[in-house]
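Note that ligands are numbered from 1 as they come in the structure, with each ligand's atoms numbered from 1 the same way.
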Amino acid sequence: MTAIQVRGLRKSYADTVAVDGIDLDIPQGQVFALLGPNGAGKTTTVEILEGHRTRTAGEVSVLGQDPAKAGRAWRARIGIVLQTANDAAELTVRESVRHYAGYYPRPADPDAVIEQVGLTEKARTRVKQLSGGQRRRLDVALGIVGRPELVFLDEPTTGFDPEARRHFWDLIRALAADGTTILLTTHYLDEAEALANRVAVISGGKIVAEGTPATLGGRSTAKATVSWVDETGPRSILTDTPTAVINELSAGGRELAELTVTRPSLEDTYLQLIGGSR
Ligand code: ATP
């Protein structure tokens, strides 16, 4: 079953083409990450899928319906984590999550959701008194309290400390294990690598590559770099056959100091795909 299907999606603002013919197929239960530089068209794409922006052209189906025409019943099946809304600043965390729970036909227990995002100690704190990262965690709580089938997460961990990010990753994995489909945009390549089954890289409104994090852009078959240190200093060789290189170098049982074999990281591949220099 496909959760999201997009064909030839285009969006223009006056003379700016923000999305320039995108196709996407995201099966149910998948964690899919959209990567791309600032202004690439990620938020525009996601907001069209959420039904929050109109499109200029193309076909879009989200949970079997066109978001431009879908109604309340469809909306209740979807969780949206916005880039920080500023409403309800006077409410406490618990009041705010309870309030949102009231919008959905079969919500989760608000206190359990507060626990899941690690805000139990702040449950009685007013929203306006939360730190930036805590506020973001509340945004996540509000996005999942309705037990959605599909969750949109636009840069969900921006402003999180490293521990909070790891907790958040666990939460996303738990949602995915329950069969929730997740579409996430992120600027953190490690986040995409840790969470996503598939990633697509958008640049200039077009998808320039799509695949699993391990194979994106031919990563898994790219040349390896064998590095070590000898009497003359650091050495490295770029090769298709790292095993043979190491066999040769270590002939006679010679120990190679600081030996490593690396292939391009997801970040290296990503930067190459979007035309960045490194
Ligand atoms: P970021 O990583 O910075 O969030 P993004 O990939 O989400 O970027 P979008 O916000 O989708 O990018 O923007 C894509 C392009 O569309 C940009 O050139 C942007 O200036 C333009 N754009 C976005 N929203 C509007 C708007 N409401 N009116 C006019 N142009 C817009």
Side-chain angles (χ1 to χ4, degrees), residues 4-26 31-62 66-68 78-87 132-133 135-140 142-143 150-160 165 168-169 172 181-196 198-211 213 216-217 265-278:
I4 296 177
Q5 189 171 67
V6 172
R7 290 289 174 273
L9 179 64
R10 290 174 54 84
K11 172 71 179 179
S12 307
Y13 302 102
D15 50 2
T16 306
V17 180
V19 176
D20 193 8
I22 279 181
D23 297 335
L24 284 174
D25 286 285
I26 305 179
V31 181
F32 193 95
L34 275 183
L35 311 175
N38 292 134
K42 303 180 297 295
T43 301
T44 301
T45 301
V46 169
E47 291 191 351
I48 291 168
L49 301 181
E50 292 168 350
H52 284 156
R53 272 191 221 202
T54 57
R55 59 187 187 263
T56 307
E59 299 299 317
V60 178
S61 167
V62 175
D66 180 343
I78 285 172
I80 295 177
V81 177
L82 298 165
Q83 285 191 30
T84 297
N86 247 341
D87 52 348
R135 179 61 236 244
R136 210 66 201 109
R137 294 200 222 176
L138 174 61
D139 293 334
V140 173
L142 301 180
L150 167 65
V151 182
F152 292 103
L153 297 160
D154 200 1
E155 298 182 29
T157 60
T158 301
F160 278 29
R165 286 181 77 213
F168 172 80
W169 292 0
I172 295 305
T181 309
I182 294 163
L183 177 59
L184 129 113
T185 71
T186 183
H187 288 293
Y188 300 119
L189 283 297
D190 60 340
E191 184 157 289
E193 194 149 34
L195 295 179
R198 287 186 80 76
V199 299
V201 178
I202 300 193
S203 184
K206 290 188 159 78
I207 292 182
V208 294
E210 193 189 331
L216 190 80
S265 66
L266 184 58
E267 186 162 288
D268 295 330
T269 307
Y270 167 80
L271 288 171
Q272 206 179 17
L273 283 166
I274 64 166
S277 54
R278 243 170 90 102

Say whether [X] and ligand 1 are in contact under the criterion: heavy-atom distance to a ligand atom below 4.0 Å.
X	result
Glu47	no
Ala14	no
Lys11	no

So if I count the atoms of ligand 1 from 1 in the order they appear, which ones are less than 4.0 Å from some heavy atom of [X]?
X	answer
Pro37	2 (O), 6 (O)
His187	2 (O)
Lys42	1 (P), 2 (O), 5 (P), 6 (O), 7 (O), 8 (O), 11 (O), 12 (O)
Glu155	2 (O), 4 (O)
Ala18	14 (C), 15 (C), 16 (O)
Arg53	23 (C), 24 (N)
Ala40	5 (P), 6 (O), 12 (O)

Indicate the atoms forming the closest heavy-atom contact of [X] with [Y], along with that distance.
X	Y	value
Pro213	Glu193	CB-CA, 4.1 Å
Val62	Ile78	CG1-CD1, 4.0 Å
Val208	Ser203	CG1-CB, 4.0 Å

> About how many Å separate OG1 of Thr157 and CZ of Phe168, when rounded to the nearest 0.5 Å?
Replying inline: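 If I round to the nearest 0.5 Å, the distance is 6.5 Å.
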
>> Do Val60 and Leu9 make a side-chain contact, defined as non-hydrogen atoms from C-beta onward lying under 4.5 Å apart?
In response: yes

> For Ile172 and Leu153, what are the C-alpha separation, side-chain angles and deciding distance, and is it a side-chain contact (heavy atoms from CB on, under 4.5 Å)?
Replying inline: CA-CA 10 Å; Ile172 295 305; Leu153 297 160; 3.5 Å; yes

>> If you take the nearest heavy atom of each of Thr44, Leu34, Thr45, which one is closest to atom 11 (O) of ligand 1?
In response: Thr44

>> If the threshold is 4.0 Å, N to carboxylate O, is there a salt bridge linking Asp66 and Arg55?
In response: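 Yes, this pair counts.
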
> Going through the distances and angles, do Arg7 and Asp23 end up as a side-chain contact (heavy atoms from CB on, under 4.5 Å)?
Replying inline: CA-CA 4 Å; Arg7 290 289 174 273; Asp23 297 335; 4.2 Å; yes

